[in-house]
Number of protein chains: 2
Amino acid sequence: MVMDSNGLQTRIERMCIERGLKMTGQRRVIARVLSEAHDHPDVEELYRRASLLDGRISVATVYRTVRLLEENGILERRDFGGSRARYETTGEGDHYHLIDVESGQVVEFTHADHAELLRRITAELGFDLVSHRLELFARRLPDVPEEQTTQVAQTQRKGRSRP
Amino acid sequence: MVMDSNGLQTRIERMCIERGLKMTGQRRVIARVLSEAHDHPDVEELYRRASLLDGRISVATVYRTVRLLEENGILERRDFGGSRARYETTGEGDHYHLIDVESGQVVEFTHADHAELLRRITAELGFDLVSHRLELFARRLPDVPEEQTTQVAQTQRKGRSRP
DNA sequence: TTAACTGCAAAATGTTTGCTTCCGA
DNA sequence: TCGGAAGCAAACATTTTGCAGTTAA
């Protein structure tokens, strides 16, 4: 069994092995970086983080690895409007992204049945939905205190909501 | 007064003049190409079309022009997943895009109140919606004959529906 | 052993820019 | 006239690739 920073195999490493991918030192490092990433890093950033753990990794390898992982359904490529592609691990549950146009910060959220709605729209147009992309670009509202007004049940912020 | 292919000023040219942009020969050609484009061309394609009308245009000029037009709210940049940015003229009414993953063909459609829904979602998250992006990637269904089943009123294909 | 992987540097791609010349208002 | 615009090529930024050496299975 291969280990993460705490001596445990990372989830991504496990997935790689399941798929029969050769686990090199570099891949292990990248897998660990990805497993520990709770944001949406681009290749540059992944390379930076990986390099801290192991200086013998090249950007080319990071590029090749993210592509490989994407092709194997382990990673998903995102485009939040910047010039570079960003990545997040698959299977954290369906969610969308809201990008704070001021800070660049990304907020994940879920919205019940949105995918179903889109599937219906697609069907009406005579198509079968393969995938979709929904991104909201928004500006933080002046912090209204903890007094909820119309809480519409469907929308839900993902993850630890207040740090 | 400047003329389009039929001797009339194009809509885009008019908008440029309104905004006080200097109308050079190249811009006139690009404006005409854009006015006549009913698809979502990328810079390469715009350059190709413009070059047919006037061989003395450089790609750099096309790049500078689309940027200028975008900054002036005349054009909108789109990203349909390919490697290059694509453009369409502003103000044809709000609509979304469905990209046929097989052919690359883009189908425009409207969906009543979708923007309003997204605005509500955004507000629930404590943000103010600035802009959003929604793209459907889909595969054409085997052509079911002209017998509509559940026609959900909201979705509507834009433009000439069957060529 | 050997097919797959890596590093490196070069190349490919899409886009922007510096500079000189040109031209529209 | 003269400031913005065009052409050209060089610069950029991101990503891919060819090749020769390395390594996991």
Side-chain angles (χ1 to χ4, degrees), chain A residues 1-3 9 12-31 33 40-48 50-51 53-72 74-87, chain B residues 1-3 9 12-14 16-33 40-48 50-51 53-72 74-87:
Chain A
M1 226 199 219
V2 202
M3 309 292 133
Q9 194 184 45
I12 292 185
E13 214 181 313
R14 234 176 296 124
M15 296 176 79
C16 287
I17 293 167
E18 273 170 29
R19 274 150 247 238
L21 302 179
K22 190 188 274 191
M23 280 318 292
T24 64
Q26 290 88 330
R27 287 203 185 151
R28 240 187 291 280
V29 169
I30 295 171
V33 167
H40 306 76
D42 56 34
V43 167
E44 190 76 3
E45 178 62 20
L46 289 173
Y47 173 57
R48 206 189 56 76
S51 296
L53 302 180
D54 181 345
R56 285 164 308 175
I57 291 180
S58 74
V59 231
T61 298
V62 180
Y63 272 107
R64 284 194 265 236
T65 304
V66 292
R67 205 199 326 179
L68 183 81
L69 297 184
E70 197 199 350
E71 286 165 359
N72 279 273
I74 296 172
L75 270 193
E76 283 178 30
R77 188 203 307 250
R78 299 283 176 208
D79 165 24
F80 295 152
S83 49
R84 6 200 210 249
R86 301 175 59 172
Y87 292 87
Chain B
M1 222 199 222
V2 204
M3 309 290 134
Q9 195 183 43
I12 292 184
E13 214 181 313
R14 234 176 298 125
C16 287
I17 293 166
E18 273 170 29
R19 273 151 245 238
L21 302 179
K22 190 189 277 191
M23 283 316 294
T24 64
Q26 290 87 330
R27 285 200 186 153
R28 241 188 290 282
V29 169
I30 295 171
R32 187 169 134 195
V33 167
H40 306 77
D42 57 34
V43 166
E44 189 76 3
E45 178 62 18
L46 289 174
Y47 174 58
R48 206 189 55 75
S51 295
L53 301 180
D54 181 344
R56 287 162 306 175
I57 290 179
S58 76
V59 230
T61 297
V62 180
Y63 272 107
R64 283 196 264 238
T65 303
V66 292
R67 194 177 2 155
L68 182 81
L69 297 184
E70 197 198 351
E71 285 165 0
N72 280 273
I74 296 172
L75 270 192
E76 283 177 30
R77 189 203 306 250
R78 298 284 177 207
D79 165 23
F80 295 151
S83 49
R84 5 201 210 251
R86 301 175 60 172
Y87 292 88

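Protein chains get the first letters and strands the later ones, always in sequence-line order, with residue 1 at the start of each. Just so it is clear, the structure is predicted and the values come from calculations on it, not from any experiment.
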- request: Measure from CZ on R84(A) to P on dT16(D) and round the result to the nearest Å.
  value: 14 Å
- request: Would you give the length of the straight line joining atom CG of D54(A) to atom CZ of R28(A), rounded to the nearest 0.5 angstrom?
  value: 11.0 Å
task: Could you say whether S83(B) or G25(B) is positioned toward the 5' end of DNA chain C, judged by the nucleotide with the nearest heavy atom to each?
output: S83(B)
Residues in side chain to side chain contact (heavy atoms under 4.5 Å, CB included) contact with R64(B), at least two apart in sequence or another chain: A60(B)
- prompt: CZ of R27(B) versus P of dC22(C): gap in Å, rounded?
  reply: 19 Å
task: Starting from P on dA6(D), measure out to CD on Q26(B) and report it in whole angstrom.
output: 5 Å
task: Figure out the CG/P separation between N72(A) and dA4(C), and round it to whole Å.
output: 13 Å
message: Of the options dA5(D), dC5(C), dT15(C), whose atoms approach the side-chain atoms of A85(B) most closely?
response: dT15(C)
- prompt: Side-chain N or O of R67(B) less than 4.0 angstrom from OP1 or OP2 on dT15(C)?
  reply: no
Nearest-nucleotide comparison on DNA chain C, the residue closer to the 5′ end among L21(B) and A60(A): A60(A)
query: Yes or no on salt bridge (charged side-chain N to carboxylate O under 4.0 Å, His left out) for E45(A) and R48(A), after CA distance, side-chain angles and deciding distance?
result: CA-CA 5 Å; E45(A) 178 62 20; R48(A) 206 189 56 76; 2.9 Å; yes
task: Evaluate side-chain contact (heavy atoms from CB on, under 4.5 Å) for Y47(B) paired with T61(B), printing each intermediate quantity in order.
output: CA-CA 9 Å; Y47(B) 174 58; T61(B) 297; over 6 Å; no
- prompt: OH of Y47(A) versus P of dT14(D): gap in Å, rounded?
  reply: 14 Å
task: Using atom CG of L46(B) as one end and atom C1' of dG14(C) as the other, report the distance to the nearest whole Å.
output: 14 Å
task: May I have the distance from D79(B) (atom CG) to dT14(D) (atom P), rounded to whole angstrom?
output: 16 Å
query: So, is T24(B) close to the dA6(D) phosphate, meaning a side-chain N or O under 4.0 Å from OP1 or OP2?
result: yes
- prompt: What nucleotide among dA25(C), dT15(C), dT6(C) has an atom nearest to a side-chain atom of T65(A)?
  reply: dT6(C)
field: Whole-Å distance separating the CE atom of M23(A) from the P atom of dA25(D)
entry: 8 Å
message: Among residues at least two apart in sequence or on other chains, which ones pass salt bridge (Lys or Arg N to Asp or Glu O under 4.0 Å) with E76(B)?
response: R78(B)
message: For a quick test of reading the model: is some side-chain N or O of Y63(A) closer than 4.0 Å to OP1 or OP2 of dT15(D)?
response: yes
- request: Could you check whether R64(B) gets within reach of a base, just the sugar-phosphate, or nothing at all, counting any heavy atom under 4.0 Å?
  value: base
